[in-house]
Amino acid sequence: MKEPLAKAYEPKSFEEKWYAYWNDNGLFGAKVSPGQPKFSLVIPPPNVTGSLHIGHALDETIQDILVRYARMQGLKTLWVPGADHASIATHAKIEEMLANEGTSRWELGREKFMERAWEWKDKYGHIINDQIKALGASCDWTRERFTMDEGCSKAVTEVFVRLFEKGLIYKGNYMVNFCPGCHTVISDIEVEHEEEQGSLWYVRYPLEDSDQYIEVATTRPETIVGDSGVAVSPKDHRYKGMTGKYAILPIVGRRLPIIQDDHVDPAFGTGAVKVTPAHDPDDFEMGRAHNLEFVSVIDTHGKMTAAAGKYQGMDRYECRKAILKDLEEQGYLVKTEAYKHAVGHCHRCDSTVEPLISEQWYVKMKPLAEPALRVVREGEVTFVPERFTKVYLNWMENVHDWCISRQLWWGHRIPAYYCQECGQMTVSREAPAKCPHCGGQVKQDEDVLDTWFSSGLWPFSTLGWPKTTPDLNYFFPTDVLVTGYDIIFFWVARMIFLSLEFTGRSPFHHVVIHGMVRDALGRKMSKSLGNGIDPLDVVAEYGADALRLSLTTGTAMGNDMRLYDEKVEGARNFCNKLWNATRYMLLNLEGWEIPAKPVEPRSASGRWILSRLERTVEAVREALDRFEPGDAIGFITDFIWNEFCDWYIEISKLDLAESDLADEAKAVLWTVLRESLAMLHPFAPFVTEELWEHLPGRPDGPKGSLIVTQYPQAHAHKIDQEAEDEIEALIEATKAIRNMRAEVNIPTGKKARAIIAADDPSRWERRLPYIQR
RNA sequence: GGGGAGUUGGCUCAGGCGGUUAGAGCGCGUGCCUCACAUGCACGAGGUCUGGGGUUCGAGUCCCUAACUCCCCACCA
């Protein structure tokens, strides 16, 4: 036997030891074993330069529970860890660092910037791994990957080239969402719309050769200098006479054709709209349909261009003020109304997104979406909880082409090369030495790919694709993907259609969606609010198991949850309870030999607790099989605390004193505790392993480790309804006695005596009604 | 403008298929260091299950409706 257990649960004293033990002995590893059942999943790769936040802790905990449960069922279990280069997010961090140094990416240049970025990655990249380990996540670190490592980068190029060759990637000049803060184009889903209090300005444009005006309303007066038309609804008879005529743009003097278009709502504003084809998505379409001029007046930095004339060089908001002033002075501004409207902001830096025209790369979505819809509709991929299926389908049905180029440097550079001589473009896996058309010098496209392009390949790129590796053959498709509902579109959807296109299979069978972790008041945790909980602080104070338990207890998959100290404390207390239950057992089992045969108790108490254990095991397995660890842990704690500790242990004190029951009681204590530890292990791996080590009968060496022990089987014990009824009646009776003597207080030892005193249930059945009254 | 989730004791949440006195944890009150555990034990107070209507012998539990909260999606200037 090992050293005696400390009096209280002290997680610090053993957590690191156990993680190292598991990892060093290869217990997280998975061997390719063709023909044998497996369980595999890939970690949602955290940002390489990030640090662990509470959301990761929840995500890793759920995964680790499923992984450990699978492993304990004897499945060949692989959990692939790794990190995401997180193009745009990392950029923001590095640029912030550069700004603090008084420089910028532009000053540094691409090459130097990349050096700094890799330095940064090497310096901070391991931090998050250490944090993940502190949580107990049993990933196979020998298979760790990075989205920008050689293999993943090869996969990215391969995918790009094949999509291009198939005509599913194209380059085009369209209206895009440009973030002046990050200085890159972003995709539709990276734009967050927020209601803002703005103004609606009414401006009159003089009609050509007339003293009349046409009045328009706008929320963005700075774009006036880019106007190339005025549109009215074809149904709007107020403007019938004006259609086909021209208005004169104030300040600029440009002639603006007055056109009819269905985009215009006659009920809004004045019913007449200024058309700025280069800076508004609607106007862009109208401009195309009516052959209007495209005048770009705002550049990628949010500054006015030369086309803005006298406003050139001004910031867009500065320009707004200037133009309003000028309009007012010249008598064109009719009125200003307060107006609430949705404004697009950058998901990353919160800058107001600028719609502008720019040449970018796109993935054609229609052909890819079709199979991605089919596999979900047909149930090849299922969402847990089910309601997210609809969210996914609805999005995929209406998906737009995916803008994948970014004007950033940290990331996978687009494998397109332009000839400096003939101007022709070549897309290829390897950089061509010369232009294949004319032999001229080539230059690679400056842009990198959207970070989700590479993470979209994660489930198969990490297993070796495009090579056909044994890992890929055996572990792919993966079984489950665990992630938050916030990245269903960003990531889950992309993985599904890319995997279908390139492997012909769904990347996983089940998508388990969890909610967000909120603070005690239900608020989102954020830096600005300063209400974030650092998971490592929690681990340091209460232990990793307490954190894991508090993150999984009492929440259903997909629902947001609140985390606060009292909750973690409760979980810690539970660990302590278990700890002391084990101490109690060890104290009483000194010198006891494990019987050759499983115990078959004669006492009602023994039959009762084994029956309850059996029911718990069944319920727990069932909950885990439907990916609801929250339910499972509820059943386990209820069993351990309220049945095993509160009642069975108390009863056992008496049984142990009876010579004919003592042996049986010991065996029951041992059996129940043993299975409880095993049952709890996926949820609280450290404390269970530590206690397991002290259990009689634990074989030495890694094979005796709880992590690789079999999970409690269903149907291992008898359901004994008779014993359950009997003991439950006794419990009721005991409670009744306590009720009668509330003021007296029956101490723990006597609690058990009370049960014994009530050992004739029939007698109590007769008495109960009177006692209860 | 479309979806989705929710509204159960002071707080956080459970309550398949409708059925006897609606559960738990925390908090609160009272009494206890009882030979596993005060990170504990015992006892107790506390709920018109958001409002309205309906189905039913019977509804937190099913249907309709209203209100409020939260979230997602959406190119209306």
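Throughout, protein chains are lettered first and strands after them, A, B, ... in sequence-line order, and every chain is numbered starting at 1.
Residue contacts shown for A/Val264 include a base, since a base heavy atom lies under 4.0 Å away. Residue contacts for A/Lys274: at a heavy-atom cut-off of 4.0 Å it reaches no nucleic acid atom on any strand shown. Within 4.0 Å of A/Phe644, counting heavy atoms only, lies no atom of the nucleic acid at all. Using a 4.0 Å heavy-atom distance criterion, A/Lys567 is classed as making no nucleic acid contact. Across all strands, A/Arg562 comes closer than 4.0 Å only to sugar-phosphate atoms, never to a base (heavy-atom distances). Counting non-hydrogen atoms under 4.0 angstrom, A/Ile488 reaches nothing in the nucleic acid.
Applying the ring-ring contact (aromatic ring centres under 6.0 Å, His included) test to A/Tyr213 and every residue at least two apart in sequence or in another chain returns nothing.
Of the possible donor and acceptor atoms, one in the side chain of A/Asp401 sits under 3.5 Å from a partner among the backbone N and O of A/Met365. A distance-only check finds no donor-acceptor pair linking the side chain of A/Thr276 to the backbone of A/Ala278 [under 3.5 Å].
In this entry the distance linking CE of A/Met561 with P of B/U12 reads 13 Å, nearest Å. Separating the CG atom of A/Asn559 from the C1' atom of B/U69 is a distance of 15 Å, rounded to the nearest angstrom. Between the NZ atom of A/Lys12 and the P atom of B/U39 there is a distance of 16 Å, rounded to whole Å. Between A/Tyr584 atom OH and B/U39 atom P there is a gap of 22 Å when expressed in whole angstrom units. A/Asp265 has its CG atom 13 Å from the P atom of B/G1, to the nearest Å. For the pair A/Glu650 CD and B/A42 P, the interatomic distance rounds to 8 Å; values are reported in whole Å. Separating the CD atom of A/Glu590 from the C1' atom of B/C35 is a distance of 15 Å, rounded to the nearest angstrom. Across the protein-nucleic acid pair, A/Leu691 atom CG and B/C37 atom C1' stand 13 Å apart, rounded to whole Å.
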Could you pull out the protein-nucleic contacts involving nucleotides 18-25 of chain B (nitrogen or oxygen on both sides, under 3.5 Å)?
none

Using nucleotides 70-75 of chain B, report all nitrogen or oxygen pairs with the protein that are shorter than 3.5 Å.
{"unit_1": "B/C75", "atom_1": "O2", "unit_2": "A/Asp282", "atom_2": "OD1", "d": "2.3"}
{"unit_1": "B/C75", "atom_1": "O2", "unit_2": "A/Asp282", "atom_2": "OD2", "d": "3.1"}

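Under 4.0 Å is where a charged nitrogen must lie from a carboxylate oxygen, and between A/Glu643 and A/Arg615 no such pair does. Ion pairing between a basic and an acidic side chain is recognised when a charged N comes within 4.0 Å of a carboxylate O; A/Arg626 and A/Asp631 show such pairing.
In summary, the side chains of A/Glu196 and A/His345 do present a donor paired with an acceptor at a separation below 3.5 Å, with no hydrogens or angles considered.
Classified by interplanar angle (parallel below 30°, tilted 30° to 60°, perpendicular above 60°), the ring pair A/Trp641/A/Phe574 is parallel. The aromatic rings of A/Phe388 and A/Tyr485 sit parallel to each other, their planes meeting at less than 30°, with 60° as the upper class boundary. Between A/Phe639 and A/Phe644, the ring-plane angle classifies as parallel under the 30° and 60° cut-offs.
Checked against the 6.0 Å centroid threshold, A/Tyr174 and A/His400 do not count as a close aromatic pair. A distance of 6.0 Å or more separates the ring centres of A/Trp452 and A/Trp402.
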Solution key, residues 5-12 of chain A side-chain donor-acceptor pairs under 3.5 Å, sequence neighbours excluded:
{"unit_1": "A/Lys12", "atom_1": "NZ", "unit_2": "A/Ala540", "atom_2": "O", "d": "2.9"}

Check residues 544-553 of chain A and write down every donor-acceptor pair under 3.5 Å in which the side-chain atom is one partner and the other belongs to a residue at least two apart or another chain.
{"unit_1": "A/Asp545", "atom_1": "OD1", "unit_2": "A/Phe686", "atom_2": "N", "d": "3.2"}
{"unit_1": "A/Asp545", "atom_1": "OD2", "unit_2": "A/Phe686", "atom_2": "N", "d": "3.4"}
{"unit_1": "A/Asp545", "atom_1": "OD2", "unit_2": "A/Val687", "atom_2": "N", "d": "2.6"}
{"unit_1": "A/Arg548", "atom_1": "NE", "unit_2": "A/Phe683", "atom_2": "O", "d": "3.0"}
{"unit_1": "A/Arg548", "atom_1": "NH1", "unit_2": "A/Asp64", "atom_2": "OD2", "d": "2.8"}
{"unit_1": "A/Arg548", "atom_1": "NH1", "unit_2": "A/Leu135", "atom_2": "O", "d": "2.9"}
{"unit_1": "A/Arg548", "atom_1": "NH2", "unit_2": "A/Asp64", "atom_2": "OD2", "d": "3.0"}
{"unit_1": "A/Arg548", "atom_1": "NH2", "unit_2": "A/Pro682", "atom_2": "O", "d": "2.7"}
{"unit_1": "A/Ser550", "atom_1": "OG", "unit_2": "A/Ala546", "atom_2": "O", "d": "2.9"}
{"unit_1": "A/Ser550", "atom_1": "OG", "unit_2": "A/Leu547", "atom_2": "O", "d": "2.9"}
{"unit_1": "A/Thr552", "atom_1": "OG1", "unit_2": "A/Arg548", "atom_2": "O", "d": "2.7"}
{"unit_1": "A/Thr552", "atom_1": "OG1", "unit_2": "A/Leu549", "atom_2": "O", "d": "3.3"}
{"unit_1": "A/Thr553", "atom_1": "OG1", "unit_2": "A/Leu549", "atom_2": "O", "d": "2.6"}

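A glycosidic torsion no more than 90° from 0 defines the syn conformation; B/G51 lies beyond that range and is anti.
The side chain of A/Arg387 lies closest to B/G4, out of B/C37, B/G40, B/G4. Minimum atom distance to the side chain of A/Lys653 is reached by B/A36, of the listed B/C13, B/C41, B/A36. Considering only the side chain of A/Trp641, B/G40 comes nearest among B/C37, B/U12, B/G40.
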RNA chain B base-pair string [pairs: Watson-Crick or G-U under 3.5 Å; |: paired with another strand]: (((((((..((((.....[...)))).(((((.......))))).....(((((..]....))))))))))))....
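Comparing the same atom, P, in B/G18 and in B/C57 gives a spacing of 15 Å after rounding to whole Å.
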